[in-house]
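What follows is one structure encoded as structure tokens, with my remarks underneath.
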Amino acid sequence: RSTDSQITSFCEDAQGRIWAGSVTGRLYFIHPNAPAALSVPKGYQSEMAKSIDVVLGLVYDPINDFVWISARNGLYYYDLRHYSYHKYPVKTSSCFGACISQDQLVVSGIGGLNVIDLNSLGSRVMEGFPSCLSLVPDGDTLWAGAYGRGLYRVDNFLTDHPETTIYTEK
């Protein structure tokens, strides 16, 4: 049973475990063979794990077998093979929404969208985007819910020539 009553995000890994992040920065999982038990992963007492502040998004990465953790104080990942927490050096202090499309992790932050190639773990920044809480890929289109700026539809978003449409109230 969790002492955190404010679960902020969740995802499912390749083994069918449900991972949950909390407002306190903790990471939990539910194993499909023991659905009534909420567990903490190995390494949860490490300094890196304790440094995570408010989990805002979780995304499972099947290429690296990571659970990516978007947090108020940066981007982290939990390595499921080595049971260890790591901080990824993105160019923003706050990470909000995240999604995976075409072997690319897309993470929204204060400075725009960070795109991380999951094969090389190299990154680039797509500038010109506001902070987005939610990101949903749909083929070559990215839907992004922006704080106070409406809904963005970005066609061809992983190319050098994305096309953006902004939907706002009239």
Side-chain angles (χ1 to χ4, degrees), residues 6-14 16-29 48 51-80 85-170:
Q6 297 178 346
I7 299 299
T8 55
S9 57
F10 58 93
C11 68
E12 182 177 4
D13 70 16
R17 293 175 293 198
I18 302 297
W19 291 85
S22 75
V23 74
T24 62
R26 297 283 303 265
L27 187 63
Y28 302 95
F29 69 93
M48 184 64 64
S51 71
I52 299 171
D53 179 26
V54 185
V55 175
L56 298 170
L58 294 177
V59 178
Y60 173 67
D61 166 3
I63 294 171
N64 297 296
D65 206 22
F66 294 166
V67 174
W68 288 93
I69 306 164
S70 297
R72 187 171 67 181
N73 64 337
L75 180 64
Y76 298 81
Y77 61 92
Y78 182 73
D79 184 332
L80 294 168
Y85 288 84
H86 304 272
K87 186 166 187 176
Y88 186 86
V90 292
K91 298 169 180 69
T92 185
S93 60
S94 293
C95 294
F96 305 115
C99 67
I100 290 179
S101 180
Q102 302 175 23
D103 296 348
Q104 307 288 309
L105 174 69
V106 181
V107 181
S108 172
I110 291 174
L113 294 179
N114 291 276
V115 180
I116 299 168
D117 183 303
L118 295 175
N119 295 298
S120 68
L121 296 181
S123 69
R124 64 186 173 92
V125 174
M126 291 178 63
E127 295 183 15
F129 288 89
S131 298
C132 301
L133 182 59
S134 59
L135 300 172
V136 176
D138 181 16
D140 291 336
T141 298
L142 178 69
W143 291 91
Y147 288 120
R149 295 198 175 164
L151 176 66
Y152 282 56
R153 176 187 172 147
V154 186
D155 294 315
N156 307 309
F157 77 99
L158 292 175
T159 70
D160 292 333
H161 304 290
E163 300 169 23
T164 303
T165 303
I166 302 170
Y167 301 91
T168 59
E169 274 189 58
K170 291 185 178 199

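Without hydrogens or angle criteria, Thr8 side chain to Val55 main chain gives a donor-acceptor distance under 3.5 Å. In this structure, Asn73 contributes its side chain and Asp53 its backbone to a donor-acceptor pair below 3.5 Å. Of the possible polar contacts, none joining the Asp103 side chain to the Asn119 backbone as a donor-acceptor pair under 3.5 Å is found.
With rounding to the nearest 0.5 angstrom, the OG atom of Ser108 is 11.0 Å from the CE atom of Met126. Here the OG atom belonging to Ser101 is positioned 11.0 Å from the CG atom belonging to Leu135, to the nearest 0.5 angstrom. Atoms CG and OG1, from Leu158 and Thr141 in turn, are 10.5 Å apart once rounded to the nearest 0.5 Å. Atom SG of Cys95 and atom CD1 of Ile69 lie 11.0 Å apart (nearest 0.5 Å). Atom CG of Asn156 sits about 10.0 Å away from atom OG1 of Thr164, to the nearest 0.5 Å. The line from CG of Asn114 to OG of Ser70 is 9.5 Å long, rounded to the nearest 0.5 Å.
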- request: Quick one: do Phe157 and Leu113 satisfy side-chain contact (heavy atoms from CB on, under 4.5 Å)? Show the steps, please.
  value: CA-CA 10 Å; Phe157 77 99; Leu113 294 179; 5.8 Å; no
field: CA sep, side-chain torsions, deciding dist, call: Asp117, Gln104, side-chain contact (heavy atoms from CB on, under 4.5 Å)
entry: CA-CA 5 Å; Asp117 183 303; Gln104 307 288 309; 3.4 Å; yes
task: Let me see the working for Trp68 and Leu118 under side-chain contact (heavy atoms from CB on, under 4.5 Å), right down to the final yes or no.
output: CA-CA 11 Å; Trp68 288 93; Leu118 295 175; 3.8 Å; yes
- request: Go through the steps to decide whether Tyr76 and Ser51 satisfy the test side-chain contact (heavy atoms from CB on, under 4.5 Å), and finish with yes or no.
  value: CA-CA 10 Å; Tyr76 298 81; Ser51 71; 3.5 Å; yes
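Annotation for Tyr88: atom OH counts as buried by contact number, over 12 foreign heavy atoms lying within 6.0 Å.
Taking the six-membered ring where tryptophan is involved, the planes of Tyr77 and His86 are essentially parallel, since the angle between them stays under 30° and well short of 60°.
Two residues are said to be in side-chain contact when any heavy atoms from C-beta on lie closer than 4.5 Å; Val59 and Asp61 fail this criterion. In this structure, Ile52 and Leu27 have side chains that are not in contact, with every pair of non-hydrogen atoms separated by 4.5 Å or more. A 4.5 Å side-chain heavy-atom check between Leu142 and Cys99 finds at least one atom pair inside the cut-off. Side-chain contact between Gln102 and Asp140 is present, with heavy atoms from C-beta onward closer than 4.5 Å. Here the side chains of Trp19 and Leu80 are in contact, with some heavy-atom distance below 4.5 Å.
Applying side chain to side chain contact (heavy atoms under 4.5 Å, CB included) to Cys11 and the options Ile18, Ile100, Leu58 leaves one that passes, Leu58.
Donor-acceptor pairing under 3.5 Å is recorded for the side chains of Asp65 and Tyr60.
Taking both residues in full, the closest heavy atoms of Ala98 and Val107 are given as CB-CG2, 4.2 Å, listed atom of the first, atom of the second, then distance.
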